[in-house]
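As structure tokens, the structure follows; a few thoughts come after it.
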Amino acid sequence: MYLPVKGTSNAKIGLGIYAEQHQKIHNGFFEGYDKSAGVDLLVKSISTKKMNNFPGRAPAVGPKAGKSKDFYGIDIGAGAQFILGVDLNLKIGFNH
Amino acid sequence: MNRNIVLLTLFLSFGFHSGSPSTEENSGTKGKVQEPLTKFSDRPFLEGLGMSIQLQDNWTYEKNENAFIFKENCTDVFCSNMVVRLMENESDLGMAELTQAFITSISQRFREIKVLGVTEEKIGDLNFTIADYKMHEGSTHLGGTTALTIKGAKIVSFNFMGENQQAGSYVNHRKVFFQMLNSLKS
């Protein structure tokens, strides 16, 4: 069994992440949202890279989509592409 | 006659208030019919995806070079929005690898993020991986849901985000996301 995620630095993400998440789900945020099938297959044990010491965010990882994979076989480029979508969510959403 | 009206009112009331998001609501293929939170109107065509999506009346739509952008018109600190991105699947990634890459990437990028769950859903003809997470920017608490799918040679991500200022309030925003997702039409 894997350890829960603590922060994001050098964290192991595996079955433990779901165990921890599941508690939070029932803590009011996603009450009733409890489907668990397939999670252990989808999120396998992986190791994340150490973040830079940014106050709220770390910089995007990796270059162009699909061009490189890290030691653990994670497609870094695809990851960077995904981050752009969530970054846009934040940029668009705030009414400054 | 009056009895029928009372029964109908009770049914609608129950449907509107019952439950937080469930997989049945996500897929839209099972369970009881629910009243939409607001009325749908426009149906923008998602170029490159070959699909259209239905918007709610108070949402706007624009396309830039990186994404299709949908946003609720509101005056709150943070307005719900959805970003749809199409990416070439150059490495021929499968759904499990995509999910892995996504979870890893957002965990690295956003220090305050908490991934709450990952599920699989079939919506229309497409198989999705759905990831729910929460984060905060200063004092603004946010919830996010990303739906990933593979369509042909493309990876498609639907990224939704809304406020979660009161405990659990994101759940209502999330329902809007799935209403839009369920409206995808070829």
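Note on naming: letters A, B, ... go to the chains in the order of the sequence lines (proteins, then strands), and numbering restarts at 1 for each one. Computed from a predicted model, the values in this text were never measured in an experiment.
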Original post:
chain A heavy atoms under 4.5 Å from B:Asp76: which part of the residue, side chain, backbone, both or neither?
Top reply: backbone
Subject >> Structural part of B:Phe158 lying under 4.5 Å from a heavy atom of chain A >> reply: neither
Subject >> Contact summary for B:Phe128 and B:Ala147, nearest pair of heavy atoms >> reply: CD2-CB, 3.6 Å
Original post:
Taking all non-hydrogen atoms of both residues, which atom of B:Gly162 and which atom of B:Ser80 are closest, and how far apart?
Top reply: CA-OG, 3.8 Å
**OP:** Over 60° means perpendicular and under 30° means parallel, so classify the ring planes of B:His141 and B:His136, tilted if in between.
**Re:** tilted
Subject >> Under 4.5 Å from a heavy atom of chain A, the part of B:Met82 involved >> reply: backbone
Original post:
Mind checking whether B:Phe160 and B:Trp59 have parallel, tilted or perpendicular rings, split at 30° and 60°?
Top reply: parallel
**OP:** Using a cut-off of under 4.5 Å on heavy-atom pairs, state which of B:Met161, B:Glu163, B:Met135, B:Glu72 scores highest against chain A.
**Re:** B:Met161
